[in-house]
Amino acid sequence: MTTQWMRSGTDRPCQKDPELWFSNEAKDRQAAVAACNTCPLLQPCAEYARAHPSEYGVWGGLTRKARSGQTSPTPRPRRKITAPVDCSSATAYFQHRRRGETCDVCWPRRAPQIQAERQARLDREHAAHGGSMIGYHAHVALGEQPCDDCRQANIRRLAEARASRRNNTRTRTAA
Ligand code: SF4
Ligand SMILES: [Zn+2]
Ligand SMILES: [Zn+2]
């Protein structure tokens, strides 16, 4: 379902790195929650999230678990990592991400899992919606041509966003 705030042209953190918002990794989801807390659309998005607890992914700073009341919605403050990352450790990839780094050792090692997560996300989008904008980006990230349903859904969302931006401009000009 698309609502008014979703159509607004406001920049939101989840547009830049949507994978975090739909990741199967708890650490990614916590990073998404932290980013949501800086988002100008946090309030309407959180209202939407509470009204749609079963939506997949993080919405309005709330994980699906938090929305269904199983955990506290307040993110725990993060410990800052200052020690050098040990690239042989299983958590090195996430440590790099938290520091905003990329790594020639950790990225290729993690690539198969990332592809598997993308494929799983795409399968969920197809099962739930037939095609969707998230599905479109998952196809592209997987290095394949988006299917017709996802391409159409993406075109619709972009057209909605453009129309909403035009409306906003008109409202501002008229004010
Ligand atoms: S609050 Fe909503 S719109 Fe903002 S970053 Fe989080 S999920 Fe995206
Ligand atoms: Zn590394
Ligand atoms: Zn598709």
Side-chain angles (χ1 to χ4, degrees), residues 1-23 27-53 55-64 66-67 73-75 81 83-111 113-114 118-157 160-161 164:
M1 194 185 78
T2 312
T3 63
Q4 182 63 38
W5 67 267
M6 287 183 194
R7 288 193 289 271
S8 84
T10 310
D11 277 346
R12 55 201 86 168
C14 59
Q15 284 169 327
K16 291 195 196 99
D17 194 6
E19 307 225 313
L20 288 182
W21 274 255
F22 301 100
S23 172
K27 282 180 180 159
D28 284 354
R29 293 195 298 271
Q30 283 310 315
V33 165
C36 281
N37 287 325
T38 67
C39 175
L41 296 172
L42 177 62
Q43 199 191 332
C45 187
E47 279 165 20
Y48 174 86
R50 288 203 185 86
H52 300 85
E55 275 273 21
Y56 184 69
V58 171
W59 291 80
L62 300 163
T63 62
R64 190 142 76 158
R67 296 199 298 274
T74 316
I81 304 169
V85 176
D86 170 9
C87 292
S88 68
S89 94
T91 55
Y93 171 84
F94 298 102
Q95 292 178 354
H96 284 304
R97 279 187 77 144
R98 282 163 67 178
R99 293 159 151 230
E101 300 166 353
T102 55
C103 171
D104 292 345
V105 177
C106 298
W107 257 245
R109 197 173 55 202
R110 175 118 181 122
Q113 197 177 339
I114 292 174
R118 284 174 177 151
Q119 186 62 56
R121 181 159 67 247
L122 180 57
D123 293 346
R124 277 192 303 267
E125 288 299 306
H126 282 159
H129 309 291
S132 71
M133 189 171 78
I134 292 166
Y136 177 91
H137 289 291
H139 281 295
V140 172
L142 282 163
E144 62 191 34
Q145 288 285 338
C147 72
D148 278 348
D149 286 344
C150 289
R151 209 168 48 228
Q152 292 304 330
N154 190 51
I155 290 169
R156 274 197 305 279
R157 287 293 288 267
E160 284 169 7
S164 148

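Bear in mind the structure is a predicted one, so any value in this text is a computation, not a measurement. Just so you know, ligand 1 is whichever comes first in the structure, and atom 1 is the first atom listed for that ligand.
The aromatic rings of Trp59 and Tyr48 sit tilted relative to each other, their planes meeting at an angle between 30° and 60°.
Distance check for Cys14 against atom 8 (Fe) of ligand 1: an N/O/S atom falls below 2.8 Å.
Asp148 and Gln152 form no side-chain donor-acceptor contact under 3.5 Å, judged by distance and modelled atom types alone.
The shortest side-chain heavy-atom distance between Ile114 and Arg118 falls under the 4.5 Å cut-off.
His126 and Cys150 get closest at one heavy-atom pair: NE2-SG, 3.5 Å. Closest approach of Ala49 to Leu62, counting heavy atoms only: CB-CD1, 4.2 Å.
Ligand 1 lies out of reach of Ala35, whose nearest heavy atom is not under 4.0 Å from it.
Nearest protein neighbour of atom 6 (Fe) of ligand 1, counting heavy atoms only, is Cys36 SG, 2.3 Å. Among protein heavy atoms, atom 4 (Fe) of ligand 1 sits closest to Cys39 SG, 2.3 Å. At the top of the distance list for atom 2 (Fe) of ligand 1, counting protein heavy atoms only, stands Cys45 SG, 2.3 Å. Scanning all protein heavy atoms for the shortest distance to atom 1 (S) of ligand 1 gives Gly60 CA, 3.6 Å.
Between the NE2 atom of His96 and the SG atom of Cys106, the angle centred on the Zn ion (ligand 2) amounts to 100° when rounded to 10°.
A cation-pi arrangement, defined by a distance under 6.0 Å to the six-membered ring centre and an angle within 45 degrees of its axis, is absent between Arg121 and Phe22.
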